Amino acid sequence: MTDIATLTADLAAPDRPTVLDEQGKREVRRACLSGVCIPGYQVPFGSREMPVARGWGSGGLQVTVAIGAESDTVKVIDQGDEEGVNAVNLRRLIRGTLGCGATADTREATIVQSRHRVPEDRMRDHQTLVLQVPVSEPLRPIEKDVTETRRMHAEADYARLWVALYEDLVTGGVINAASGYPVLVEDRYVMAPSPIPRWDVPRLNDAEHLTLLSHGRDKKLYAVPPHTKVIPVTFDDVPFEVEYADGSACILCGSDDTYLVQTSTGDWLCSDVEWCSRVRDNDVDAEDHQLLAPLQWLPDPTKRVRAIDSLTQQADDDLAPAARARTAPGEEWAVKVEHLGKTFEARRGSTRVRAVDDVSFDIAPGEALGIIGESGSGKSTVLRCLIGEETTDEGRVLLADVDEGSTNVLGLSAADRRALRISTLAVVHQDPAAGLDLRISAGGNIADRLTAGGWRSYHAIRRRAAQLLERVEVPLSRMDDVVGQFSGGMRQRVQIAKALAGDPQVLLLDEPTTGLDASVAAGVLDLLRELLAERELAVAVVSHDFAVISALTDRAIVMRQGRVIEQGLTDQLFADPHHPYTQRLVAAAGR
């Protein structure tokens, strides 16, 4: 009988066919134990080529033959059928390899290897469920880069997954994910169950048995130990739904509390063939199955988002005036930069460049500081250092909102710097494509920032997005349109709304009107001027355009060759510049 303890045993007999060598079995067992220790975490393992046809599920087969023993009784099902071609051949292969028994009765099995289904019977603590996984990475639909998905899992950065769910609800009123619906394991890792239907997903939560999920081609497996919290990923105010058609029941056994599949004639049949047969023989615990079946998750059309007007619904989380940016104790600044330095080392064909050299400034709440200079002066590098897109050689950046201004944020980890860009720092980029996802809607872009900040109410997100978009003069009729269809000025307005969504303490504007037509740029400037007057933010504005600096800022610094050569009140600086370089800039701007 197989349980977690036997995963470390060497169980193969020497006179049986070798489907998986002993070293391979040990690797799989070690990976299974790691998966049990960290539920939901994708554990890489040394997957082997298996003598099976494509589609048989080599990952599941490797787990079964690695953990199985002669004393086990194995049940193999494909969809819900033990007599499908794949199920029959896999069962023969497993029996021939392990010398174990086989059964069609879930109650008798110690190992159930399945593709697409969890048996309708309640599995017990002496049983192991092995699921063959076709796609192990739940983030693959939203991110193709493997390195980036690893980072997202490591930092529990699942905002884009929530945005995908938001977009589904906006476009169709329901979440489209059917088989392999994403789940959150122990409130930590997002996991993709094998292509089991949504009907089976709730049964993974607090189950008595061990579940092992394995993908041979991806060479990954993960586990759900007994009594583990497994919750479908959905918004707090949008109920999870399982598959169900009103009035449907199996035409053979009459069951209406099982997962049903529709025939070509429109009739319904139990997916689990064995269960259906036993119902007809009156050999089931009907009361226990009623408790196990996910009937509380049947669709309720009155609770779907199409039945609720999110934008007019009133709630306590309606948009309120943004809080004033904090200052450090005993200080007047919200952000302070001290002796910042950045050097780009020489590469073949180039020389060493000192891009930023001993730059210092501070910004108080409600104040806007301009950073001006020609191309190559270092102003944009300063901004990238503040954002965290560039590392620095020396200096400090202090934020009043981080440890009351006592911690140099340049020394924080990359993950912590990214978290700051959600809670404290916001950026409006010169190119809106750098700050927006042009493939999703305007509301979805704002949902990206809000879900990253912990928002989990779909309707609250909708209201917040609508209020912000309306404030930046984006028509609500365009709220659900893909941003890639917008004009440049409209994209910039959406980017501003997204930047303000999390009520940041510090706002960084990088050439906010460059590339826009004059009339559009004027409108964006007017909007920014109004927003900055409303909110007590600390604002840094990087631009080579004197009109932008003059319109938005109170003070300004002038940079040349990485150094600050002059600073002062913006009006005075432009009216009476002292440094010859500044004089030339002002003269050129006045032509």
Side-chain angles (χ1 to χ4, degrees), residues 138-139 141-142 158-184 190 192-193 195-202 231-248 259-262 266 268 294-315 317-318 437-452 454-470 474-486 494 497-498 501:
L139 303 179
I142 59 174
Y158 297 127
R160 289 169 57 190
L161 179 63
W162 288 101
V163 172
L165 302 180
Y166 170 92
E167 293 285 281
D168 277 355
L169 292 170
V170 166
T171 56
V174 295
I175 295 174
N176 294 329
S179 60
Y181 191 100
V183 297
L184 190 62
V190 166
I196 60 173
R198 283 177 294 170
W199 182 275
D200 290 336
V201 167
I231 303 299
V233 177
T234 189
F235 292 99
D236 295 340
D237 51 353
V238 178
F240 173 74
E241 295 182 353
V242 298
E243 304 90 340
Y244 184 76
D246 287 339
S248 58
Y259 179 65
L260 301 171
V261 293
Q262 195 168 24
W268 296 90
L295 303 181
Q296 64 267 46
W297 286 283
L298 297 183
D300 184 350
T302 65
K303 296 181 180 178
R304 287 184 170 173
V305 297
R306 291 298 189 197
I308 304 171
D309 186 350
S310 302
L311 303 185
T312 59
Q313 190 181 46
Q314 296 299 313
D317 55 14
D318 281 348
D437 187 336
L438 302 185
R439 301 166 297 178
I440 63 176
S441 68
N445 272 279
I446 295 175
D448 185 19
R449 178 56 53 85
L450 295 176
T451 54
W455 289 52
R456 293 294 181 264
S457 166
Y458 169 80
H459 296 103
I461 290 171
R462 289 284 288 170
R463 289 191 297 275
R464 176 76 166 174
Q467 292 158 345
L468 285 165
L469 290 172
E470 192 171 39
V474 173
L476 292 188
S477 60
R478 304 294 306 276
M479 177 176 172
D480 298 327
D481 290 349
V482 175
V483 173
Q485 302 171 354
F486 288 7
V494 175
K498 179 178 179 179

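Everything numeric here is computed off the predicted structure, so don't read it as measured data.
- Remark: L165 CG to F235 CZ distance equals 5.5 Å, nearest 0.5 Å.
- Taking 4.5 Å as the limit, every side-chain heavy atom of L139 sits out of range of all side-chain heavy atoms of R160.
- Inspection of the S457 and D236 side chains reveals no N or O donor paired with an N or O acceptor under 3.5 Å.
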Item to check | Verdict with supporting geometry, Y458 and T234, side chain to side chain contact (heavy atoms under 4.5 Å, CB included) | outcome: CA-CA 9 Å; Y458 169 80; T234 189; over 6 Å; no

Next on the checklist: side chain to side chain contact (heavy atoms under 4.5 Å, CB included), that's the test. Do V183 and V190 meet it? Break it down for me.
Outcome noted: CA-CA 6 Å; V183 297; V190 166; over 6 Å; no

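- Closest non-hydrogen pair, S179 versus P195, comes out as CB-O, 3.6 Å.
- Every residue two or more places apart in sequence or in another chain was checked for a side-chain hydrogen bond (donor to acceptor under 3.5 Å, both in side chains) with R198, and none qualifies.
- Taking all atoms of both residues into account, the shortest heavy-atom contact from L298 to L295 is CG-O, 3.1 Å.
- Summarising the local packing, CD of E470 is surrounded by 12 or fewer heavy atoms from other residues, nucleotides or ligands at distances under 6.0 Å.
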Identify each donor-acceptor pair in which a side-chain atom of residues 441-449 lies under 3.5 Å from a protein atom, sequence neighbours left out, and give them as a table.
from : atom 1 : to   : atom 2 : distance (Å)
S441 : OG     : E167 : OE2    : 2.6
S441 : OG     : G444 : N      : 2.9
N445 : OD1    : D437 : N      : 2.7
N445 : ND2    : D437 : O      : 3.1
N445 : ND2    : S441 : O      : 3.0
D448 : OD2    : K498 : NZ     : 3.4

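- From L469, atom CG reaches atom CG of D480 across 9.5 Å, with rounding to the nearest 0.5 Å.
- Counting heavy atoms of neighbouring residues, nucleotides and ligands inside a 6.0 Å radius, atom CG of D300 exceeds 12 of them.
- Looking at heavy atoms from C-beta onward, P202 lies in side-chain contact with F240 at the 4.5 angstrom threshold.
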Checklist entry - Please walk me through it: do Y166 and T451 pass side chain to side chain contact (heavy atoms under 4.5 Å, CB included)? => result CA-CA 10 Å; Y166 170 92; T451 54; over 6 Å; no

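- In plain terms, the two heavy atoms of A460 and D237 that are nearest each other are N-OD2, 4.4 Å.
- The distance from the CZ atom of R478 to the CD atom of Q485 is 7.0 Å, given to the nearest 0.5 Å.
- With hydrogens and angles disregarded, a donor-acceptor distance shorter than 3.5 Å links the side chain of D168 to the backbone of N176.
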Item to check | Test log, rule side chain to side chain contact (heavy atoms under 4.5 Å, CB included), inputs I175 and L169 | outcome: CA-CA 6 Å; I175 295 174; L169 292 170; 3.9 Å; yes

Checklist entry - Could you go step by step and tell me if W199 and Y244 meet the ring-ring contact (aromatic ring centres under 6.0 Å, His included) rule? => result CA-CA 9 Å; W199 182 275; Y244 184 76; 7.1 Å; no

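- A distance-only check finds a donor-acceptor pair linking the side chain of Y181 to the backbone of V233 [under 3.5 Å].
- Atom CH2 of W297 is separated from atom CD of E241 by 13.0 Å, given to the nearest 0.5 angstrom.
- For the pair I461 and W162, the minimum side-chain heavy-atom distance is 4.5 Å or more.
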